[in-house]
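What follows is a single structure, written as structure tokens, with notes after it.
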Amino acid sequence: MDEKYRAFDRVKLEELHRLYREHCDTMTVNKNSSTTMPFTTNITLDKTHSILEEQEEEEEEEEENSLLSVSCIMVDQINQAIDVVIPRKNNKLNNKTKNENDERINVLFEGNDRRRPLYEITDMQYFDSIQKQLQTKNRILLPTYNTNAYYSCEIIEMQQKIREHMTRTNAYRFIMDINETNQLLLDELLLENDKLIATTLNNLFHTQCITYSQWQQMIFHRSKSEFDLLYFLPDTRQENIPFHPMILDRHPLTMNITRFITQLIQPLYDHVTSTTTFHNSADVLDAVEDYVRRDLLKSNTLFANIHIHDLTTSIPLEILYDTLQRFLIEFNSNGQMQNIKIPTILYMVRLCLEPRYVIYDNKFYQQVQGGGFNSPLIMLLSNICLFYWQQNLVNILNDKNEIFGRYNDELFFTWNKSEQRLQDILHAMNQQWLTLQMSLRLSSSIHYLDIILSHTNGQFKAQVALHSQTDHYSLPYIFGHSLQSYVKLFQAALLRIARCYTDVNQFVEALGVIQLSFRYNGFDDQFIVGQIQTFLTKFKVPDLKVCYGKHFYKQPRYDRLRYNVTKHYRKKRQEKIKLRRCRKTLKHQCQSSFMKFVTTASC
């Protein structure tokens, strides 16, 4: 981080630590005390008060116009791609009255040869107006993929990258522009599509291919049918900022079937691939730490990361269907799931994906290959393809006692041979039945998911990846966690740094980044302090001092914390494995009982 930002963080963090100490020091004193807040009633609105209100409204309108003028000037100065952060909540810590000198958008970092400029929209309520101002300058402002920040660039840059994606993948077939004259034609096509799906589901039910309960789950809906919307999100963690396709589902029948099929197959996939799948960075750390304990990490060991480009739009539909059929036959011995036979499952998958239409930029397309990154069914089918595609590499690595794991389109493994040998293996894999575009990184220090793994002469080190300046302002992005629960996000962020850092000083420094990001996003000190204390208490080190200065930090207490965190994580993982086994056993028992019932009834 640049020195001036280190100084800024130190000042803010010292202030937060002072508040933390004051809170802890007064907690005991105020434990049994209570305070009451006075309140005022019987406020009468008279004629004079109405005049004052009108004057205030005029002043607010003048201030609004002044602020708009200031923000327009700031937007006019933007002439390159920028990162943008916005506080999630109104920041009550800076409890000062806004005036005409306040700005809606500020520069936090002017940029350099390595990093884009960083701007701040001071309040979420200004997002729409700033976005419109940028649009008048032919620029876009979008949320980003896999971060909690925003990105702005010229519209022509986005359009060019999207055109390149469409050309490269051949996943979309243009049908026509949407206008008033062909809207009736689109309505008729949508109606025919709905009739086809509903008729197919009815036939499956009447021929006893699915049960009444299953039919009801898929056929019932209340919302109006519309064609799905295609949109794209920038991935600022990747070089050259690719735009990933996303789907806004607006077709309830298709949504119901895809949800049903995904819930049907996903547990089986999770069980089969449990030893080769990473769900988050904690899984990666656990694998590497076990690798180190077995004395397999050598001075010449390299960490490898393979990124698969355009995963959800680069695999032809027929390959998706073929590998799904192979997977279900190989790992489902009785040829059915929840009494639905494999041919019926495959038929329903086709029903979801063929034909599939999307609307983008007021144009009508047929999706002829794959789907959106946010489509659970497409991601599941793509993962099944990769499961078979990666088998040769997995077998080679297993024979050498190396690590292998994959999170969707990101592969991670250890390597102790030459890079040319690895390139030869990957080339052979792509010459079989599926050709994928990929990028390989091979080094003793590598960025994978949201952590950085490295070693020096066999001494392993892990740290949280802060790839850009936005990570010091936006809320932490943690794979497997959403922004729906800030409490869970805070606890997950604490778990991550406790797993990464072995030294208490490094833990405290990383904790400071988390505190600053939550404080910037409008969370008060009571929330932050409470979450830290809850975490320490949960893992049985409530007396660990983390905000009082280095001379208060106790490495043995922190070692105890890390031991309890690791033990907790491994216990949770074992519980998941046990639960999967129990579900599988229960499933076989239910199927066996059902077959006995059918046999008895037929006799």
* **Working for salt bridge (Lys or Arg N to Asp or Glu O under 4.0 Å), residues D286 and R570** => CA-CA 9 Å; D286 199 53; R570 289 175 180 168; 2.9 Å; yes
* To do: Would you indicate whether K461, at its atom NZ, is surrounded by more than 12 heavy atoms from other residues, nucleotides or ligands within a distance under 6.0 Å?
  => no
* Asked: Under a 4.5 Å cut-off applied to non-hydrogen side-chain atoms, are I497 and V513 in contact?
  -> no
* Asked: Looking only at side chains, do S439 and H309 share a donor and an acceptor under 3.5 Å apart?
  -> yes
* **F243/F232 aromatic ring centres below 6.0 Å** => no
* Does the gap between the ring centers of Y501 and F507 come in under 6.0 Å? -> no
* Donor-acceptor under 3.5 Å (T456 side chain, Q459 main chain) -> no
* Asked: Hey, is CD on Q555 packed in by over 12 heavy atoms from elsewhere, all under 6.0 Å?
  -> yes
* **NZ/NE/NH1/NH2 to OD/OE distance under 4.0 Å, R557 and D543** => yes
* Asked: Taking everything shown except R88 itself, do over 12 heavy atoms lie less than 6.0 Å from its CZ?
  -> yes
* Among N408, L285, I403, L411, whose side chain to side chain contact (heavy atoms under 4.5 Å, CB included) with F278 holds? -> I403
* Centroid-to-centroid, F373 to Y145, below 6.0 Å? -> yes
* Taking the six-membered ring for Trp and the single ring otherwise, decide whether the centroids of F490 and Y486 are under 6.0 Å apart. => no
* Backbone of N383 reached by a side-chain donor or acceptor of R406 within 3.5 Å -> yes
* To do: Assert yes or no for the condition that the ring centre distance of F127 to Y150 is strictly below 6.0 Å.
  => yes
* Does G371 offer a backbone N or O that forms a donor-acceptor pair with the side chain of T312 under 3.5 Å? -> yes
